[in-house]
Amino acid sequence: MLGLTGAERSGGHGAVEDALDDAGASGPLGAMVEDAEKVSPETRRRALAQTTLIAAVKDLLEWVGPGRPVTQTGGVRRGDIRQVAKMLGIRTVGVAKRVGDHRDEGAPVQALSMADVPLLAQWWEALSTAQVIRTNSSSVRPGPAAAEWSAEALPPLDLAETVAEIFVAATLAAPMKTGFGSFIVRESPPPLMHALAPEDVDVPDVAGFGHGPVWTLRNLERAGVVTFGASDSLQIPEGTRAAVARGVRLAAAHLAGTEDG
């Protein structure tokens, strides 16, 4: 899961370990998960259903229908990127070649592939891993969990939290696929630890780069599982805390090569 090589996992694990140690959270992480799970199941279910990450799944399953063609790697085809990314509120267009200033933040993302749209790529990975969708080298179809997802107005809590947990973990681990990714991986956990820590758990302040939240945290915000307040202080809604806490734990376990499955 999470599509990292052994070398990437090794580097990422060291970065996460450093971040958790600096934040004083390597031990209390389990307590953070336990504390977050005290929130009532109905509150968590409703909160997740309101996030972009979970709410957009209905549109995706309708788009997939009985099946759609995909790339040989099982990803969204270039010609479909615009429509699928729009479900997540992302302005992008699939292109064979970038033109002009493709780094202009006011213009749609020019995506050569789904990998150029991390939020979309990690969402797709989470849904595939949770078996809401099933992909192979030619098509995407509803997965074994799709019927359960759509059976009621709100998706079942365990399935929604699984998707959110995997998405958080995939997002936190994703920088290891890029150059200098360990720096981004190291910057991501401390703000999450501060927001997750119960009142009786002291989490030391950790100095960051000083340029605002890293893109991994911004993507968690775009997905709706975290928010940012004044002075870019990260906050986690009560109903998404359990999924976020589990996602951080899963990312650390995966980068250590110890996750189940």
Identify all side-chain donor-acceptor contacts of residues 58-70 below 3.5 Å with residues at least two apart in sequence or on another chain.
from : atom 1 : to  : atom 2 : distance (Å)
W63  : NE1    : Q83 : OE1    : 3.4
R68  : NE     : W63 : O      : 2.7
R68  : NH2    : W63 : O      : 3.3

Apart from V95 itself, what residues make up its hydrophobic cluster when side-chain heavy atoms of I, L, V, M, F, W and Y under 4.5 Å apart count as a link, directly or indirectly? V93, L112
Quick one: does any side-chain atom of R82 pair with a main-chain N or O of R91 as donor and acceptor, under 3.5 Å? no
Distance-only check: which donor-acceptor pairs under 3.5 Å involve side-chain atoms of residues 143-151, not counting sequence neighbours?
from : atom 1 : to   : atom 2 : distance (Å)
S150 : OG     : A146 : O      : 3.3

I'd like to know if R46 pairs up with E42 as an ion pair, taking the criterion as any Lys NZ or Arg NE/NH1/NH2 lying under 4.0 Å from an Asp or Glu carboxylate oxygen. yes
Find the distance between CG (D158) and CZ (R45) and round it off to the nearest 0.5 Å. 9.5 Å
Validation row: L192, L220 side chains within 4.5 angstrom (heavy atoms): yes
Taking atom types as modelled, is there a side-chain donor on S233 or S231 under 3.5 Å from an acceptor on the other? no
According to side-chain hydrogen bond (donor to acceptor under 3.5 Å, both in side chains), who are the partners of S40, at least two apart in sequence or on a separate chain? T43
Counterpart residues, side-chain contact (heavy atoms from CB on, under 4.5 Å), relative to A126 (two or more places apart): V163, I166, F167
Distance-only donor-acceptor pairs under 3.5 Å for side chains of residues 236-249, two or more places apart:
from : atom 1 : to   : atom 2 : distance (Å)
T240 : OG1    : V225 : O      : 2.8
T240 : OG1    : P237 : O      : 3.3
R241 : NH1    : A195 : O      : 2.8
R241 : NH2    : L196 : O      : 2.8
R246 : NE     : E37  : OE2    : 2.9
R246 : NH1    : E161 : OE1    : 2.9
R246 : NH2    : E37  : OE2    : 2.9
R246 : NH2    : E161 : OE1    : 3.4

What I want to find out is whether R78 reaches D116 closely enough, with some N-O distance under 4.0 Å, to be called a salt bridge. no
Is there a side-chain contact between I54 and P155 in this structure, where contact means two heavy atoms from C-beta onward sitting under 4.5 Å apart? yes
Verdict with reasoning, R222 to L88, per side chain to side chain contact (heavy atoms under 4.5 Å, CB included): CA-CA 8 Å; R222 293 184 183 101; L88 294 168; over 6 Å; no
Can you tell me how far OG1 of T92 sits from NZ of K86, rounded to the nearest 0.5 angstrom? 13.0 Å
